[in-house]
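Start at 1 and go down the list; that is how both ligands and their atoms are numbered. Fair warning: this is a prediction, and the values are worked out from it, not measured in the lab. The figures here come from the full heavy-atom set of this structure, side chains too, leaving out hydrogens, waters and symmetry mates.
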Amino acid sequence: MISAATLPRLVRQALPTLQTHLLSPLWQEPRIGIVHLGIGNFHRAHQALYTEEAMLAAGGDWGICGVTLQGDVGKRDALMEQQGLYSVVERGPHGAKVTVVRALREVLAMPHDQAALFARLADPAVRIVSLTVTEKGYCRDPRTGEVALDNPAVAHDLASPFEPRTVPGILVAALRQRHDDARGQPFTVLSCDNLSHNGAALRQVVCSFARQLDPALADWIAAHVAFPSTMVDRIVPATTHAESVTVAHAIVYQDAAPVPCEPFRQWVIEDRFPAGRPAWDAVGAQLVDDVTPFELAKLRMLNGTHSTLAYLSMLGGFETIDAAISYPPMRNLIHAMMTEEIAPTLTMPASFDLSAYRDALLERYANPALKHRCSQIAMDGSQKIPPRLLDTIAARIDAGQSFTRLVLAVAAWMMFLRGHADDGTRYEISDPLASRLHALAVSAHDDPQALMDALLSVREVFPADLTAFPEFREALLRALRLLREEGARGAIAALQ
Ligand code: CS2
């Protein structure tokens, strides 16, 4: 048994001995061409790998500067001690594959490294700024799509625009540098988060923030900066001790920042990069004119059922996605939800087979090696419920079709907000609106009607036109009563 703690640290001098864990023995250290905001596990197991492969296939200076926005100096230091190196552990039913990734060249932690970040963002060699900052990182007012002026962090950035802390604040300050530099060219801004129309959504947030400060700058951004949309897909759980152990055995170095993920990956990108891009298309990414159908399919089929599994599991006592999906009534429910309620809302290119997509998702969920925790997916429901479930319900209502299972998922989220499972086990709620949502849920004293009325009043989540639909309210109340009377497992059995 190797103990990771006793091994030497993973550094670039070790690479010659790690050939079997590299994508290729060839490698020329690239200059930094991408700044990535939100250097979490997802980026490191997805875009960073595609980018390294693209450089291997076609060259280019697309080294990555990763930025943590939560002041996580521990993460910065761990990765910088390893000179940006880290391992990706692909966990499939047939074992683990460990790859050491070299594309990450620098890690900065905001707000500590503000000067270094803005120097980097002013460098014309940086041609893309990409983001995985989760839904809440956009500081978006869901009612208008503009930057949320009542968000205290946004107010801070508007008052101190040269010391920004938020994503819109940082992007606008960086674009202002490019605008003020006579030779400056803008970089392309690439949202890689699970938002509908993520490029357009980010553009609106950034332009509305800039307009508060300087309308001429806002006009320049609107006219000159590209915000392509993307659909990103790979299931990437949080790192656990198991990864350190797997990596220590495989590479015999100590990696303080390994990332687990599933073998599957997909990336569909709107091809609008005026300042150039890596040859992602040479390594499996699909570059298309319109991402919308792929994005909606992924948000509704994958993320929608992921959230459904997460909330029903938090109530019904399944810890991981594979445990939940191997419970036959749950699998039946998710299968039926995708087939009968979600797929009919999607209009896909002729070559896209939605039944095959559904079956592949069910197989990915069943991956026993991944241990994707339901509590991780249950986080930030206030941000996730609208694009993943409510938009689909609205489409079903428009088409005059039923949405019994979709609404069960919304009801499960409402019950989840009480803070305990059906058997009384307590858990933490992690959400930007957590205290308000929890207080509303508790104030209902387990009365389904009161719970529904309290939570439907939260306008950041439920648009007024949806809550005005009697069919929606009736179906939601029925689902809440079912969960209250039968528990999550009973409700799953009833609606499978
Ligand atoms: C998940 C996603 O945590 C969540 O909310 O639904 O992170 C999901 O694993 C990815 O979008 C898959 O690409």
Only heavy atoms of Lys384, strictly under 4.0 Å: list the atoms of ligand 1 that pass.
3 (O), 4 (C), 5 (O)
Is a salt bridge present between Glu319 and Arg373, judged by a nitrogen-to-oxygen distance below 4.0 Å?
yes
Non-hydrogen atoms of His46 versus ligand 1: any pair closer than 4.0 Å?
no
If you measure from atom 11 (O) of ligand 1 to every heavy atom of Arg364, Gln376, Lys298, which option wins on shortest distance?
Lys298
Looking at Glu135 and Arg140, is any side-chain nitrogen of the basic one under 4.0 Å from a carboxylate oxygen of the acidic one?
no
For ligand 1, which atoms have a heavy atom of Asn194 less than 4.0 angstrom away?
11 (O)
Run the numbers for me: atoms of ligand 1, each under 4.0 Å from some heavy atom of His306, listed by number.
1 (C), 6 (O), 8 (C), 9 (O)
Between Thr166 and Tyr138, does the side-chain hydrogen bond (donor to acceptor under 3.5 Å, both in side chains) criterion hold? Intermediate values first, please.
CA-CA 8 Å; Thr166 66; Tyr138 288 74; over 6 Å; no
Charged N to carboxylate O below 4.0 Å: is that the case for Lys371 and Glu262?
no
Can you confirm whether Glu428 is buried at CD, in the sense that more than 12 heavy atoms of other residues, nucleotides or ligands lie under 6.0 Å from that atom?
no
Option nearest atom 12 (C) of ligand 1 (shortest heavy-atom distance, choices Asp193, Leu361, Asp233):
Asp233
With a 4.0 Å cut-off on heavy atoms, does His372 reach ligand 1?
yes
